[in-house]
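Proteins get letters first, then strands, A, B, ... in listed order; numbering begins at 1 in each. Keep in mind that the numbers below use all heavy atoms, side chains included, and drop hydrogens, waters and symmetry copies.
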Protein chains: 2
Amino acid sequence: MGTIDSKTEEIIFRAARKVFTRKGFDGARMQEIADEAGINKALLHYYFRSKDKLFDRVFRDVVKMTLPRLISIMNSEMPLFDKIRTFTSTYIDILSGNPEFAGFVFHELSRNPNRLLESLKESGPNLRLLENQINEAAGSGEIEYIPVTHLVVNMMSLIALPFIAQPVIMGMFPMKPENFDAFIQERKELVPQMIINSIKRRP
Amino acid sequence: MGTIDSKTEEIIFRAARKVFTRKGFDGARMQEIADEAGINKALLHYYFRSKDKLFDRVFRDVVKMTLPRLISIMNSEMPLFDKIRTFTSTYIDILSGNPEFAGFVFHELSRNPNRLLESLKESGPNLRLLENQINEAAGSGEIEYIPVTHLVVNMMSLIALPFIAQPVIMGMFPMKPENFDAFIQERKELVPQMIINSIKRRP
DNA sequence: AAATAATTTAACCAGATGGTCAAATGTACA
DNA sequence: TGTACATTTGACCATCTGGTTAAATTATTT
């Protein structure tokens with residue numbers, strides 16, 4: 001279940017992912033997906049019964065392309081600061097390759113919050129582990145205490161929002177696409193530095 | 001131009017803002033707006049010729065409800081750290097009162113990037129001023145240098161994303177709506193502290 | 001090569017959706 | 001009161017959209 005065997009099925013699926021992630025469920029048209037795939041609209045329904053079913057597959061695929069790698073970093077035994085650095089650069093790399101993913105996931109999730117819950121329930125990040133690392137580092141005086149919630153949300157925010165806000169950013173600060181890419185790359189260093197700097201205890 | 005005189009016009013407009021900000025342009029239905037306003041669908045077109053026109057008014061209104069206050073803070077002569085604190089708490093207050101605004105603006109902007117450019121062109125924030133403040137503070141050794149772009153994007157990110165990601169956050173960390181509100185309130189202190197901490201030069 | 005099954009298509013359908021219009025209702029004013 | 005004007009509505013229309021179906025085409029099996 002969930003596998004793609006035929007060649008055309010693969011083509012259709014990629015087309016669907018492209019259109020859905022760019023336009024969202026409501027903005028996407030089955031006809032547009034068919035055109036993008038270069039096939040007849042009826043073929044969409046032959047392979048993926050309905051728009052809902054096709055969308056569902058796409059959404060799961062997008063989650064599967066991002067979450068597992070991030071969760072495995074979170075759940076690793078890596079030291080706290082390394083974890084922050086690795087998480088950031090991995091997440092930024094993923095989104096650099098698929099800039100629409102961030103906006104897509106958050107937007108569709110607000111349309112149907114239950115969607116992610118399933119994915120998270122079956123293999124969520126082990127927040128207890130991260131919590132322990134924070135407590136240890138705070139106990140030893142290495143860092144100032146910060147609740148896990150805020151630390152995680154801070155990382156997500158600093159990483160994901162620039163992609164969602166790309167048009168705003170490129171409008172505010174005159175930027176060509178290459179400049180925006182460079183700007184994002186700078187953040188692979190800047191974001192973890194900033195997070196670490198903000199919690200590291202001052203001498 | 002752009003004013004609302006009649007009582008029903010006001011009711012319709014509020015209904016439209018509610019529906020559009022929650023569902024987006026593509027997800028919104030004229031019938032739903034009419035129902036929300038408790039009037040006939042034809043009346044929508046009587047007051048606001050088309051869905052596009054109505055949406056445009058709503059979008060402009062939302063921008064006008066947020067941007068000017070933020071811009072005036074940015075353009076004020078307030079000291080850098082105060083500016084960061086005031087900007088954050090004002091922005092969070094605005095979004096707390098209208099949690100859908102953030103996702104709405106960013107999503108619709110990626111559908112039509114030109115929309116904001118107009119609003120920004122006529123009265124954008126004076127980034128040169130902020131830049132000077134950064135340079136001064138960096139020159140005097142008070143802070144570590146940071147490009148304006150990153151500083152501004154960092155603030156936007158830490159403030160706006162939690163609202164966009166609300167369902168994700170409430171799913172990851174078991175949170176009831178009240179808890180989420182409290183979580184957001186905590187950030188009015190935490191975010192500026194974090195930003196300032198991350199740039200303040202260490203002794 | 002014939003028969004069977006899988007893939008692909010053109011044509012079509014039903015319901016939804018943005019939009020129109022003529023009639024009805026209400027309001028102000030002479 | 002009657003008349004001009006604005007407001008509101010129900011009914012209707014054209015188009016779009018997801019989905020179906022029967023036929024055509026291609027691949028597979030015997």
Side-chain angles (χ1 to χ4, degrees), chain A residues 1-62 104 107-108 110-112 114-115, chain B residues 1-62 104 107-108 110-112 114-115:
Chain A
M1 170 222 158
T3 35
I4 283 173
D5 26 68
S6 125
K7 181 74 187 169
T8 17
E9 200 175 338
E10 178 73 32
I11 291 173
I12 292 175
F13 188 74
R14 281 176 199 270
R17 194 173 58 203
K18 191 168 171 181
V19 174
F20 274 134
T21 53
R22 287 189 186 176
K23 312 250 177 128
F25 180 85
D26 291 325
R29 297 286 161 257
M30 292 299 264
Q31 186 59 58
E32 193 182 349
I33 295 175
D35 292 346
E36 176 74 38
I39 48 93
N40 188 283
K41 184 166 68 86
L43 210 51
L44 294 184
H45 293 91
Y46 177 75
Y47 283 105
F48 310 84
R49 323 212 11 108
S50 70
K51 187 184 183 185
D52 282 274
K53 292 257 201 326
L54 178 52
F55 176 83
D56 207 66
R57 289 279 294 274
V58 167
F59 187 84
R60 281 172 202 280
D61 184 69
V62 167
F104 171 70
H107 184 255
E108 294 304 330
S110 79
R111 259 192 0 111
N112 179 357
N114 282 45
R115 275 226 167 74
Chain B
M1 170 225 159
T3 34
I4 284 174
D5 26 69
S6 126
K7 181 74 187 169
T8 17
E9 200 174 340
E10 177 72 30
I11 292 174
I12 292 175
F13 188 74
R14 282 177 198 268
R17 194 173 59 201
K18 190 168 172 181
V19 175
F20 274 133
T21 53
R22 288 188 185 178
K23 311 251 178 127
F25 180 84
D26 291 324
R29 298 284 161 258
M30 292 298 265
Q31 186 58 59
E32 193 183 348
I33 295 175
D35 292 346
E36 177 73 38
I39 49 95
N40 189 285
K41 185 166 67 87
L43 210 51
L44 294 184
H45 294 90
Y46 176 76
Y47 282 106
F48 311 84
R49 325 218 1 113
S50 69
K51 187 185 182 183
D52 283 273
K53 294 257 201 321
L54 178 53
F55 176 83
D56 207 67
R57 288 279 295 275
V58 167
F59 187 85
R60 281 171 203 282
D61 182 69
V62 167
F104 171 71
H107 185 253
E108 294 305 330
S110 79
R111 255 188 7 108
N112 179 357
N114 283 44
R115 275 226 167 75

Range on DNA chain C touched by chain B, heavy atoms, distance below 4.0 Å: dT17(C) to dC21(C)

Quick one: do the N112(B) and E108(B) side chains pair a donor with an acceptor below 3.5 Å? no

Quick one: is the NZ or CZ of R115(B) closer than 6.0 Å to the six-membered ring centre of F59(B), and within 45° of its axis? yes

Rounded to the nearest Å, what distance is computed from the CD atom of residue E10(B) to the P atom of nucleotide dT7(D)? 15 Å

Nearest whole angstrom, please: distance from the C1' of dA24(D) to the CG of L43(A). 14 Å

Please enumerate all protein N or O atoms sitting under 3.5 Å from an N or O of nucleotides 10-17 of chain D, with distances to 0.1 Å.
from	atom 1	to	atom 2	distance (Å)
dG10(D)	OP2	N40(B)	ND2	3.2
dG10(D)	N7	N40(B)	ND2	3.1
dT17(D)	OP1	R29(A)	NE	2.6

Answer yes or no: is there an ion pair linking K23(B) with D26(A), defined by an N-O contact shorter than 4.0 Å? no

Heavy-atom count check: over 12 atoms from other residues, nucleotides or ligands less than 6.0 Å from R14(A) CZ? no

Just how far, in rounded Å, is P of dT25(D) from OH of Y46(A)? 17 Å

According to a strict under-4.0 Å criterion, is Y47(B) in side-chain N/O contact with OP1 or OP2 of dT8(D)? yes

Relative to the ring of H107(A), is the ring of H107(B) parallel (under 30°), tilted (30 to 60°) or perpendicular (over 60°)? parallel

Whichever of G38(B) and R49(A) has its nearest DNA chain D nucleotide further upstream toward 5': G38(B)

Find the distance H45(A):NE2 to dG18(D):P and express it as a whole number of Å. 8 Å

Under 4.0 Å between a Lys/Arg side-chain N and an Asp/Glu carboxylate O for D56(A) and R60(A)? yes

Under 4.0 Å between a Lys/Arg side-chain N and an Asp/Glu carboxylate O for E10(A) and K7(A)? no

Would you say that I33(B) contacts F20(B) through its side chain, given a criterion of any heavy-atom pair below 4.5 Å between the two side chains? yes

Short side-chain N/O contact from T8(B) to OP1 or OP2 of dT8(D), under 4.0 Å: yes

